[in-house]
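The model shown is predicted, which means the values in this text are computed figures rather than measured ones.
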Amino acid sequence: MVVLTAVALLSNPLAAQESAQTASLISKDNRVEVGRPGAGWLVASVGQKLNVGDQLRTGEESRATVRMSDGSVLQLDELTTIEIKPPSAAGSNATLNMPKGSAFFFSRGKSREVRIETPAANGAIRGTAFVLKVTSAETAVSMIEGAFGLSNSGGAVTAREGQSANAALGGPPAQNTLSDFGDAAPWYLVLENHLAHPRPLRNAERRQFFSALPDATKRFRMIAPQLAGASTIARTDWALDILRESFKAVGPDCGMRARILRSVTEADPKDADKLLELAIALGPDCAGSFGGGGGGAIPGDERGPPGTNNGTLGFPPGSNGGGGGQGNLVAVCHNGQTIFLTSNAAQAFLKQNPGAKLGACQMTPVGNP
C-alpha cells in the first residue's frame, strides 16, 4: 500500500504537487492499467509516475508494486482498483479509495496516518504492515504492525498488531484475533512481495519460492503460521519442504512450530501423517506440542485440524490422524506426558528418545501417610 503512504504524504494542498510525483510503478506482472481524468485507461509501464487523481487497476492473474520515495511499498493483488483522492479539507490527509481488491502495505519508515474509503466502511490507518481485502459487501484488514481504525454508521473498532477487523455492508465493524490459517486473509501477498519479481505465488520458481518464504517469515515472525499455510495452499506438492523451511526460519520454538504444523496440515490434510512425522524428526523435543498430551487450543483459531473435534494438534487413540491414511495412532509416554503419534513416527521417536516408552503414561498412586 505504497499508495496509502502516498496518500499520507498529501497532508495539505501545498504538499500535493511535490508528493504527487513521488509514487511510481516499480514492477508489474501481466495486465496493469492507469486511469487519468479525461484520458481513460491506458497500459501502465514500469517506472511510470502516479499523480493525485490517478487510478490504478490490475487484471486477472496480474500484480502491481508501487513504491514511494520513502521506501513504502504497496503490493496489489489481481482484480484490484485504487484511486488516490485529494484531501477533503486543508490540513487533512488525502484519501485512498479502494472499491475492490486486496493489497499488502509495508513501510520501513515512520508510520503515517492515512484514510481509506471502501463500500462497507472507512478506515484510519497508522501502521507499517498489514493486508487489506475489499469486496462490494465487506472490508477486512489484518494487522501485522501498527493499528487500523475501521468505522461506519454502525460503530468503530481498532485492530492492532495480531488482530483483524472487518465490516460488512450495513453491519457494525468487529475486531478479532488473527487466525493462524493461510486462507484467512491474502497472506500470499506478503510472500509475493519477497519474490525477486512479484507474481502469483503458485507461478514462482522453486528457488525463488524457497527464498521468499524464509525471508518473509524472519521479517514477520508473528505471522509465520499464516505464511506457511498460504505457501502450502499455493503449492501443496511442496508441503513437506514448506514445513521444513518454516521450522528453520522460526528456530526451536515449540509453540510456534506447533502452530505452523497445524496451519500446513489444514492446507494439506492428505499428508497429515507425513507432516507430523517430519515435524517430530525436525524437533523431537517438541513432540509433546505436536501430539495431544495437554497441548491445548491454539489461541485465535476456531478450526481444529482435519479429522478432529477440538482445537489441539493431537488426536485421540483410535483416530486416523487427520485422514492421512497410515493407520491408527499409538500412545507414547515421554517425560510424564502422553502423546499420540503414527506408528512410523512413534518408532522414530522412541529411537531418538531412549527414555520414552510405548503406551500411555501411568499415574503413580499416592498412598495415605
Side-chain angles (χ1 to χ4, degrees), residues 1-88 93-107 112 114-120 122-123 125 130-136 139 186 188-204:
M1 312 189 159
V2 172
V3 176
L4 291 178
T5 304
V7 172
L9 290 172
L10 305 179
S11 58
N12 60 69
L14 293 179
Q17 294 301 316
E18 179 182 356
S19 299
Q21 301 300 322
T22 60
S24 61
L25 181 66
I26 61 171
S27 74
K28 70 171 194 173
D29 187 65
N30 210 355
R31 184 163 61 90
V32 179
E33 298 174 319
V34 172
R36 287 181 168 156
W41 291 98
L42 302 171
V43 175
S45 58
V46 174
Q48 185 169 354
K49 302 298 182 181
L50 298 176
N51 305 315
V52 174
D54 284 350
Q55 297 181 71
L56 188 72
R57 71 182 183 187
T58 56
E60 189 173 357
E61 289 288 304
S62 302
R63 298 291 191 271
T65 308
V66 181
R67 174 174 291 158
M68 302 303 297
S69 60
D70 66 356
S72 301
V73 171
L74 174 66
Q75 180 73 33
L76 297 180
D77 199 2
E78 66 175 346
L79 303 175
T80 296
T81 300
I82 59 171
E83 177 187 3
I84 305 175
K85 301 179 69 174
S88 58
N93 290 330
T95 299
L96 173 69
N97 180 262
M98 187 171 173
K100 65 175 183 177
S102 300
F104 165 58
F105 171 73
F106 173 49
S107 174
R112 304 172 185 275
V114 300
R115 300 193 65 81
I116 66 166
E117 293 178 351
T118 72
N122 296 329
I125 310 162
F130 54 88
V131 291
L132 179 68
K133 184 174 183 178
V134 178
T135 69
S136 59
T139 297
Y188 53 87
L189 292 173
V190 180
L191 293 156
E192 291 174 6
N193 186 251
H194 283 75
L195 295 173
H197 177 77
R199 67 190 64 184
L201 191 62
R202 60 183 172 274
N203 296 339

Partners meeting side chain to side chain contact (heavy atoms under 4.5 Å, CB included) with Ile26 (sequence neighbours left out): Ser24, Thr65, Arg67

In Å, rounded to the nearest 0.5 Å, how long is the span from OG1 of Thr58 to NZ of Lys28? 11.5 Å

Measure the spacing between CG of Leu201 and NE2 of His194 and express it to the nearest 0.5 Å. 12.5 Å

Under a 4.5 Å cut-off applied to non-hydrogen side-chain atoms, are Asn30 and Arg199 in contact? no

Going by salt bridge (Lys or Arg N to Asp or Glu O under 4.0 Å), name the residues that satisfy it together with Asp29, two or more places apart in sequence or in a different chain. none

CA sep, side-chain torsions, deciding dist, call: Val34, Leu42, side chain to side chain contact (heavy atoms under 4.5 Å, CB included): CA-CA 5 Å; Val34 172; Leu42 302 171; 5.6 Å; no

Mind listing the closest non-hydrogen atom pair of Pro186 and Val131 along with its distance? O-CG1, 4.0 Å

Which heavy atom in Ala44 sits nearest to a heavy atom in Gln48, and how many Å separate them? CA-OE1, 3.3 Å

Give the C-alpha distance, both sets of side-chain angles, the deciding distance and a yes or no for side chain to side chain contact (heavy atoms under 4.5 Å, CB included) between Ile82 and Val66. CA-CA 12 Å; Ile82 59 171; Val66 181; 5.7 Å; no

Mind checking what makes side chain to side chain donor-acceptor pair (under 3.5 Å) contact with Thr81, not counting sequence neighbours? none

Not counting sequence neighbours, which residues clear side chain to side chain donor-acceptor pair (under 3.5 Å) with Thr139? List them please. Thr118

Nearest heavy-atom neighbours spanning Ser45 and Leu25: O-CD2, 3.6 Å

Heavy atoms of Phe130 and Phe104 approach each other most closely as O-CD1, 3.4 Å

With distance as the sole test, does Glu78 use its side chain to make a donor-acceptor pair with the main-chain N or O of Glu61 at under 3.5 Å? yes

Name all residues meeting the side chain to side chain contact (heavy atoms under 4.5 Å, CB included) criterion together with Pro119; count only those two or more places apart in sequence or in a different chain, and write none if there are none. Val134

Please report the interatomic distance OG1(Thr135) to CG(Leu79), rounded to the nearest 0.5 Å. 13.0 Å

With rounding to the nearest 0.5 angstrom, report the CE to CG distance, Met98 to Leu56. 11.0 Å

Side chain to side chain donor-acceptor pair (under 3.5 Å) involving Asp54 - partner list, sequence neighbours excluded: Arg36

Among all residues two or more places apart in sequence or in another chain, which pass the side chain to side chain donor-acceptor pair (under 3.5 Å) test with Glu33? Arg57

Check whether any side-chain heavy atom of Leu76 lies under 4.5 Å from a side-chain heavy atom of Arg63, and answer yes or no. no

Restricting to non-hydrogen atoms, name the atom on Ser102 and the atom on Thr80 that form the minimum distance, rounded to 0.1 Å. N-OG1, 3.0 Å

Value rounded to 0.5 Å, distance of CG in Asp77 from CD in Glu192: 6.5 Å

